[in-house]
There are 2 protein chains.
Amino acid sequence: MAQNELAHALEILKSHKVRLTPQRKTILNYLITHHTHPSAEMIYEDLKQHDDSISIATVYNTVRLLVDYHLVIELKNGDGSTHFDYFGQPHYHVVCENCGKIADVFAPEFSRLNQQLDEITRQQTHYLVNRTDIEVKGLCPECQAKLGLLHNR
Amino acid sequence: MAQNELAHALEILKSHKVRLTPQRKTILNYLITHHTHPSAEMIYEDLKQHDDSISIATVYNTVRLLVDYHLVIELKNGDGSTHFDYFGQPHYHVVCENCGKIADVFAPEFSRLNQQLDEITRQQTHYLVNRTDIEVKGLCPECQAKLGLLHNR
DNA sequence: CCCTAAATTTAGAATGATTCTTAACGGAGA
DNA sequence: TCTCCGTTAAGAATCATTCTAAATTTAGGG
């Protein structure tokens, strides 16, 4: 399944005449198999640990490329860097405003909601819509507990 | 109306025991009366032109404060800086991926959609939801025309 | 299978938005 | 009015990201 996912993503790139370099395959595969919402720096460090060492510039170039082709989406969690997530299945994200932890949300309504939003947006602004991202912010269960304790003193 | 809006916003800050300094009032008033989605730098430059000169550090501090109290929301348009918008009426934004122009979208469904999203998010992740932002990306009418011309050659 | 053009990778420098630091200042409650 | 403590300001510092230029590599054609 992850194997198919990689092949599928590579196929999309290929069909756009994007060169399939080893670095791009490595990073794409990393994102498909690690749903940890890593930053460019984290991808770079993690790959350095293992066999493949890829320059930080290439990591930045590649994730931007993958975002352009809608294979990956960008996330901000307030730590100053940009985080990335492979976008195989439609979903959105919740970010903890206290610790920055990111969680995925898979909602069956997601596609329909997006279509609705696209339509409203198009009618009201005449923009040609490419993508719609939903970003929810709040407190993760752990931070609720922590902050709850403090409030109870 | 803008007058009331300012008073209303100041009241919210006051109720949270936030000090109402002249700088904060100036910046808040600027954002209430300028729906141009300015960056911190743009706010700083624009206020320098007129009577009030406020340090760039204070502009950054103040917009962060206003975001924390949900009076203002942050936007990214791909130019590297963060843009700000007074959030008096619930709305969301479309960003042009070509030129960065930001447009507001006011949808009557917006509040209901948000509630739905909050509920789904809460059930699935147990996060305590604070706010939900929707960000649509696409091409503004002008850029559609420009790029359309290029494609037709 | 080899060659070539054009794209990509890389290391390190450069950029630039944002944050930090520290001293002076000023709101607001008593 | 006084005092405490949060806020402002200028400039330095940080750090994520982009840029630069040279070396390398992909992919298509012969």
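Below, chain A is the first sequence line, B the second, and so on; all start at residue 1.
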Angle between the end axes of the helix from C/dC1-D/dG30 to C/dA30-D/dT1, five pairs per end, to the nearest 10 degrees?
50°
Please state how far atom [atom1] in [X] lies from atom [atom2] in [N], giving the value in whole angstrom units.
X	N	atom1	atom2	value
B/Lys76	D/dA16	NZ	C1'	11 Å
A/Phe84	D/dA16	CZ	P	13 Å
A/Asn61	D/dT18	CG	C1'	9 Å
A/Ile56	D/dA16	CD1	P	9 Å
A/Lys14	D/dG28	NZ	P	8 Å
A/His16	D/dA27	NE2	P	16 Å
B/Leu47	D/dT8	CG	P	13 Å
B/Ile54	D/dT7	CD1	C1'	12 Å

Across the strands shown, which category fits A/Ser39 at heavy-atom distances under 4.0 angstrom: base, sugar-phosphate, nothing?
nothing
Between which nucleotides of DNA chain C, read 5' to 3', does contact with chain B run, using atoms under 4.0 Å from its heavy atoms?
C/dA17 to C/dA28
Taking 4.0 angstrom as the limit, do B/Glu135 and B/Lys76 come out as a salt bridge?
no
Any chance the side chains of B/Glu119 and B/Gln123 put a donor and an acceptor closer than 3.5 Å?
yes
Residue pair A/His93 / A/Asp85, side-chain donor-acceptor N/O under 3.5 Å:
yes
Output yes when a side-chain donor or acceptor of [X] lies under 3.5 Å from a complementary backbone atom of [Y], and no otherwise.
X	Y	answer
B/His34	B/Tyr30	yes
A/Gln144	B/His126	yes
B/His37	B/His83	no
A/Thr62	A/Val59	no

Student check: side-chain heavy atoms of B/Leu66 and B/Leu31 closer than 4.5 Å:
yes
Result for 5'-nearest mapping on DNA chain D, choosing between A/Thr21 and B/Ser53, is B/Ser53
For B/Phe87 and B/Phe110, take the angle between the two ring planes, folded into 0 to 90°, and tell me which bin it lands in: parallel under 30, tilted 30 to 60, perpendicular over 60.
perpendicular
At what distance, to the nearest 0.5 angstrom, does CD1 of A/Ile102 lie from CG of A/Asp104?
8.5 Å
Check the phosphate of [N] against [X], side-chain N and O only, distance under 4.0 Å to OP1 or OP2. Yes or no?
X	N	result
B/Thr58	D/dA9	yes
A/Tyr60	D/dT17	yes
A/Arg64	D/dT18	yes

For the side chain of A/Pro22, starting at C-beta, report the closest nucleotide among D/dT26, D/dA27, D/dT7.
D/dT26
Comparing B/Lys25 with B/Glu41, nearest DNA chain C nucleotide closer to 5' gives the residue B/Glu41
